[in-house]
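Any value given below was found using the heavy atoms of this structure, including those in side chains, with hydrogens, waters and symmetry copies removed.
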Amino acid sequence: MTEHKADIPVGNLLGFKKHLKYDALAGMMVFLIALPLCLGISIASGYPPMAGIFTAVIGSIVTSLISNSELTIKGPAAGLIVIAIGCINDFQGDGWVNGGSDADWGAYRAALAVGVVASLLQIAFSLFRAGILSEFFPKSAIHGMLSAIGVIIIAKQIPVMLGATPESKEPLELLLHIPHYIAEANPAIALIGLISLLFLFTWPHIKKNWLKWAAIPPQLIVLVMAVLIGLYLNLMQDHAYKFLEKEHLLGEKFLVPLPTEILGILTQVTFPDFTALNQLKAWKWIFMFFIIGTLESILSAKAVDSIDPWKRKTDMNRDMLGVGIANLLASLVGGLPMISEIVRSKANIDNGARTRFADMWHGVFLLLCVSFLPAVLHMIPLSALAAMLVYTGFRLAHPSEFMHMFHVGREQLIIFVTTLIATLATDLLIGVAAGIGMKFFIHLLNGVPLHSFFKAYLDVEQVSPDTVKIHASESAVFSNWIPFKRQIEHIGLVQRNNIIVDVSDTKLVDHTVMEKLHEMQGEMQEAGLRLELVGLEQHQALSTHSDAARKRGMARMRRITIVAESSLEDALQRECIARGATGFTAMPSRGIGRHNIANGVWQTESNIRLETIVPYDVCDDILKYLKENILNRYRATVCVETIEVILAEQFTSPSSDAEKKH
């Protein structure tokens, strides 16, 4: 969207008045999505249900006043469930699924103290303008961590969804116990959970084919269905029923444990137990909340910036200051840690939000709802909330994540899977560290010098009054990207120069740097400048993806040799060029095929021999054409060989390069 600067919505007092109807409506729609998720995430995290509401209300109001992130929604997120419940369990708590014991309250207050210190670290992080450190973490490791979180959420929420007794076990143990949970399921509660889950999985298909006009969030429909089924099953009263000769219990323990009186939210305010900080284990969780929460929040805010219709950019240090202060206030009164939440932010954009005040309105609506309608919220079955989280976990660990990583490069898939497995077997920090360690190991195998892991070797040359060339040598990898980026930003965006990045003397340009350079090209273009990447001619791409890592050396290509009758020469040449070949060699030839030999006698024929060297994807397209249009109609021979070439660009057309861009 291209608009005059004066027409870009701004979250100030004038913008509050001007865009009130849009922001209030978007805030209402996000509130309907956020309400069940705040409750479900809080319970899954081992906190009381109201803790998630505290977080969303405080986060939405405080960050709206501090951050300049116009469209992100702040609140509790599924990505922090694993850390939160891990902290609760480490302090001998089991959470609120079974009502909350004295031990659970003690663990909860200890976790609040952990949250206070973690938020202070976030504030210091932002004041020292350290937001750029998020650039260090490779995306394959981050995606592996998020997929592991998704698997853990699924494993922990399946027993709640089925009405079975949840257990405090390690993730891999929980996965192995799923058959046990199915066998021990409470059929009536499982019915609510499975109907909710089935609806969430089928809703995209239903909406696409029959309800394109519907703006109702599927989470709200699930809540209404679940509450109605719960009323039919009389979950408000404790009673028993028999199913297949086995007795099962029903009652309020399967509903969200909330106070039913108006303004009962005030009775839920809880203060931290700072004596917990005397225990060494508290500091492990402090750094876990700080590192993972900060990283997830910054990455989510960046993702939301990329889909902002007005292309506004968030000051990440200012945003983290807002998140840190909001986390501090939330932890002091009983709230969960918060981050910028991407799914609710996407819904915010889709529903027409203009400024950051949409986030504020979603918090106001949440506060009004829990203050004056707590009895209604108490009727929500826990199994429906668990189903929502199982669905969320599936989306985090979707099989397409594996395919995407494989498409980017096999080495990215290895890093992704390493992080995933290590996280499931240990914890988030060790998992991410394992993924980063694997990336370093792969870089060593690819010839990256040790001394260039953390140091960018850059030479700057002024090639014209408005253009500067940055010449990189040794390597351009994720761990030395930060000084690289600062150089581009300072020379390009601050000093207003066009940039030429020359990587011809690097041994490796990894996936992270390729992706970041393409992002920087977009930023420079928006600023009316140009960033050109040169010097990749002698680098071999490790996959066909536009952001694939490039290793210096000869590039692999395919050589196709076609021998066919001479009358097909023009058609074969034309089709090869049309499908991306940059050239060919054609020559007359004579020979025979098996159809020419009879009883030891043969007669040679005149043919055309055509050779072309092409990338793998172009080869596949040409072979498809030959199979469908030549080999089934004419006598022809086709051979394919894998070869190595010095200059890959000689065999890659500009149009095919553009098509690879995502």
Side-chain angles (χ1 to χ4, degrees), residues 11 38 41-42 45 47 51-81 83-84 87 109-137 142 270-272 274 276-277 282-305 313-342 344-345 356-357 359-360 362-363 428-429:
C38 287
I41 289 170
S42 190
S45 298
Y47 287 54
I53 303 296
F54 286 149
T55 300
V57 171
I58 293 172
S60 63
I61 295 173
V62 172
T63 57
S64 296
L65 300 175
I66 298 174
S67 173
N68 74 325
S69 183
E70 296 289 2
L71 295 177
T72 56
I73 299 296
K74 304 294 194 285
L80 294 181
I81 288 176
I83 305 175
C87 181
R109 294 184 64 218
L112 294 179
V114 165
V116 168
V117 180
S119 64
L120 292 174
L121 291 177
Q122 288 181 324
I123 293 171
F125 181 84
S126 64
L127 292 176
F128 284 104
R129 306 191 65 79
I132 196 171
L133 292 177
S134 64
E135 300 278 342
F136 172 82
F137 295 89
I142 299 303
T270 306
F271 302 111
F274 290 107
L277 300 178
W283 294 91
K284 166 192 171 182
W285 297 106
I286 286 170
F287 285 105
M288 195 92 81
F289 275 123
F290 164 59
I291 295 172
I292 304 300
T294 301
L295 185 60
E296 282 195 45
S297 193
I298 290 176
L299 293 176
S300 296
K302 285 186 175 182
V304 175
D305 278 355
K313 296 298 180 185
T314 297
D315 180 336
M316 294 302 164
N317 292 302
R318 181 175 165 184
D319 190 57
M320 277 313 305
L321 177 63
V323 170
I325 292 174
N327 268 330
L328 175 62
L329 296 176
S331 297
L332 287 172
V333 297
L336 274 165
M338 77 185 70
I339 63 170
S340 298
E341 210 288 324
I342 192 167
R344 274 161 265 168
S345 299
R356 70 193 80 165
F357 295 114
D359 186 17
M360 183 195 73
H362 118 270
L428 292 176
L429 284 182

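Between the E296 side chain and the I339 main chain, no donor and acceptor come within less than 3.5 Å of each other. Side chain of S119 to main chain of V116: a donor-acceptor pair is present (N/O by atom type, distance under 3.5 Å, no hydrogens or angles). W285 places no side-chain N or O within 3.5 Å of a backbone atom of A111 that could act as its donor or acceptor partner. Checking side-chain atoms of T63 against main-chain N and O of G322 turns up no donor-acceptor pair under 3.5 Å. A donor-acceptor contact shorter than 3.5 Å is absent between the side chain of D319 and the backbone of I298. Of the possible polar contacts, one joining the S297 side chain to the S340 backbone as a donor-acceptor pair under 3.5 Å is found. Side chain of R356 to backbone of S67: a donor-acceptor contact under 3.5 angstrom is found. In this structure a side-chain-to-backbone donor-acceptor pair under 3.5 Å is present from S345 to I73. Panel note: side chain R318, backbone I66; a donor-acceptor pair is recorded below 3.5 Å.
Here the CE atom belonging to M320 is positioned 10.0 Å from the CG atom belonging to L295, to the nearest 0.5 angstrom. Rounding to the nearest 0.5 angstrom, the gap separating the OH atom in Y47 from the OG1 atom in T270 is 11.5 Å. Distance OG/S331 to CG/L336: 8.5 Å, rounded to 0.5 Å. Going from atom CG of D359 over to atom OG of S60 covers 5.0 Å, rounded to the nearest 0.5 Å. To the nearest 0.5 Å, atom NZ of residue K74 and atom CE of residue M360 are 14.5 Å apart. Distance OG/S126 to CG/L121: 11.0 Å, rounded to 0.5 Å.
Two residues are said to be in side-chain contact when any heavy atoms from C-beta on lie closer than 4.5 Å; F54 and S42 fail this criterion.
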key: Stepwise side-chain contact (heavy atoms from CB on, under 4.5 Å) test for T72 and I342   = CA-CA 7 Å; T72 56; I342 192 167; over 6 Å; no

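The heavy-atom pair separating E341 from P76 by the smallest distance is CG-O, 4.1 Å. The minimum heavy-atom distance linking C87 with V114 is given by the pair SG-CG2, 4.2 Å. Nearest approach of G335 to L112, heavy atoms of both residues: O-CD2, 3.5 Å. Nearest approach of V323 to M338, heavy atoms of both residues: CG1-O, 3.8 Å. Among all heavy-atom pairs drawn from A110 and A276, the shortest one is CB-CB, 3.5 Å.
Between F290 and F287, the ring planes lie perpendicular to each other; the angle is over 60°, past the 30° to 60° tilted range.
Remark: K313 does not engage E70 in a salt bridge, criterion side-chain N to carboxylate O under 4.0 Å.
Using a 3.5 Å distance cut-off with no hydrogens or angles, the side chains of T314 and D305 do pair a donor with an acceptor.
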